[in-house]
Amino acid sequence: MKATGIVRRIDELGRVVIPKELRRTMHLREGEELEIFTDNQDDLIFRKFSPIKRLKEFAGEYSEALFETSGNIVMVCDKDTVIAVAGDKKNTYTDKPLAGKLERLMSLRKPAVLNGGDVISLTGEETADYKGQVIVPILARGDILGAVIMITNRNRTDAADLKLCDAAALFLSYQA
């Protein structure tokens, strides 16, 4: 664990202010949930809470099933990171942070179907060597938990791709 050199006092109500620099670095937004736990007697750990990360194994299996059904690469991500990937791009995407454009698309809270020149980089690192994307946010109790993403090398995505991703996002939202 890296030391930051920042010291904060606990106020009379037990609150601690997380410095702006750390919130910015960790992509913490107002209202975001934190998990608080100890690993021994001296360390108190704050970690971003992600209900989708808790479902990593299940999301991986679900992605594999969608890949077998559609033949397209399938990913499940939380708000910040790719959690599970099925298909030939596992090493390209697994555990990579999401690009800003993808985060903005998820914040719209509606499915996006992108083809041709509209295709975006998902992590900001990979090249867009595919021709279509379906991005469906995972919503639970009004909150954005992440997204189900399908990418294809076909000239266009079709309605079946959207329905598969939509069903997966809905199912994962009930599991979270």
Side-chain angles (χ1 to χ4, degrees), residues 1-4 18 21-29 31-39 43 45-109 111-112 114 119-140 143-153 157 161 164-176:
M1 190 180 303
K2 231 181 345 183
T4 61
I18 300 171
E21 302 82 30
L22 288 176
R23 293 194 315 263
R24 187 177 300 134
T25 302
M26 298 299 298
H27 304 284
L28 292 172
R29 298 165 198 77
E32 192 150 13
E33 295 177 325
L34 293 176
E35 186 176 11
I36 304 169
F37 61 95
T38 62
D39 65 350
D43 294 328
I45 299 170
F46 288 75
R47 180 170 53 199
K48 289 175 74 170
F49 178 70
S50 170
I52 298 299
K53 270 191 184 162
R54 292 183 312 154
L55 300 173
K56 184 173 186 161
E57 187 177 321
F58 180 72
E61 292 171 5
Y62 203 103
S63 298
E64 288 291 339
L66 287 178
F67 171 70
E68 294 295 323
T69 302
S70 68
N72 296 322
I73 298 166
V74 178
M75 292 176 255
V76 175
C77 62
D78 65 6
K79 292 189 287 186
D80 300 309
T81 310
V82 177
I83 302 300
V85 181
D88 63 348
K89 298 281 187 175
K90 278 188 181 184
N91 294 337
T92 304
Y93 294 107
T94 304
D95 295 326
K96 297 284 194 291
L98 302 180
K101 283 186 180 180
L102 179 55
E103 290 179 10
R104 283 190 293 282
L105 269 177
M106 287 188 331
S107 72
L108 297 175
R109 300 172 181 267
L114 308 173
V119 170
I120 63 169
S121 172
L122 301 173
T123 64
E125 296 177 4
E126 86 283 5
T127 57
D129 58 350
Y130 37 86
K131 298 177 182 173
Q133 296 170 319
V134 175
I135 302 164
V136 179
I138 301 169
L139 303 171
D143 294 330
I144 300 167
L145 304 181
V148 175
I149 303 165
M150 184 178 287
I151 59 177
T152 182
N153 283 321
T157 56
D161 297 333
L164 283 171
C165 290
D166 201 33
L170 185 62
F171 188 74
L172 287 168
S173 74
Y174 287 130
Q175 302 305 311

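The analysis underlying the following values was restricted to heavy atoms, covering all of them including side chains, and did not include hydrogens, waters or symmetry mates.
Using a 4.5 Å heavy-atom threshold, the side chains of Phe58 and Leu172 count as touching. Looking only at side-chain heavy atoms (C-beta outward), Thr94 and Met75 stay at 4.5 Å or farther from each other. When side chains are defined from C-beta on, Thr38 does not count as touching Asp43, because their heavy atoms never get closer than 4.5 Å. With a 4.5 Å cut-off on side-chain heavy atoms, Leu170 and Ile138 do not count as touching.
Nearest approach of Asn153 to Lys131, heavy atoms of both residues: O-CD, 3.3 Å. The minimum heavy-atom distance between Phe67 and Gly87, with the atom names listed, is CE1-CA, 3.6 Å. Closest non-hydrogen pair, Ala140 versus Leu145, comes out as CB-CD1, 3.5 Å. Between Val136 and Ala169, the closest heavy-atom pair is CG1-CB, 3.7 Å. The shortest non-hydrogen separation linking Ile135 to Ala147 is CG2-CB, 4.3 Å. Between Val82 and Cys77, the shortest heavy-atom contact is CA-CB, 3.8 Å.
Atoms CD1 and CG, on Ile144 and Leu108 in that order, are 8.0 Å from each other to the nearest 0.5 Å. Separation of atoms CZ (Phe46) and CD1 (Ile36) is listed at 4.5 Å; rounding is to 0.5 Å.
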- Task: Test Leu98 against Met106 for side chain to side chain contact (heavy atoms under 4.5 Å, CB included), laying out the working first.
- Result: CA-CA 11 Å; Leu98 302 180; Met106 287 188 331; 4.0 Å; yes
- Task: For the pair Leu102 and Ile149, evaluate side chain to side chain contact (heavy atoms under 4.5 Å, CB included) and give the outcome as yes or no after the intermediate values.
- Result: CA-CA 10 Å; Leu102 179 55; Ile149 303 165; 3.7 Å; yes
- Item | Residues Lys56, Glu61; criterion salt bridge (charged side-chain N to carboxylate O under 4.0 Å, His left out); working and verdict | CA-CA 9 Å; Lys56 184 173 186 161; Glu61 292 171 5; over 6 Å; no
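Ser70 contributes a side-chain N or O that, together with a main-chain N or O of Asn72, makes up a donor-acceptor pair within less than 3.5 Å. Formation of a donor-acceptor pair under 3.5 Å by the Arg109 side chain with backbone atoms of Leu139 is not found in this model. Side-chain N or O atoms of Asp78 include one that pairs as donor or acceptor with a backbone N or O of Asp80 at under 3.5 Å. Under the 3.5 Å distance criterion, the side-chain polar atoms of Gln133 are matched with a main-chain donor or acceptor of Ile120.
Considering only residues two or more places apart in sequence or on other chains, Tyr62 meets the ring pair (Phe, Tyr, Trp, His ring centres under 6.0 Å) condition with Phe171.
Considering Val134, Ile151, Asp166, Leu66 as possible partners of Asp161, the one that fulfils the side chain to side chain contact (heavy atoms under 4.5 Å, CB included) test is Val134. Shown are Thr152, Ile73, Leu122; of these, the side chain to side chain contact (heavy atoms under 4.5 Å, CB included) with Tyr130 is made only by Leu122.
For Tyr174, the OH atom sits in a loose shell: 12 or fewer heavy atoms of surrounding residues, nucleotides or ligands are nearer than 6.0 Å.
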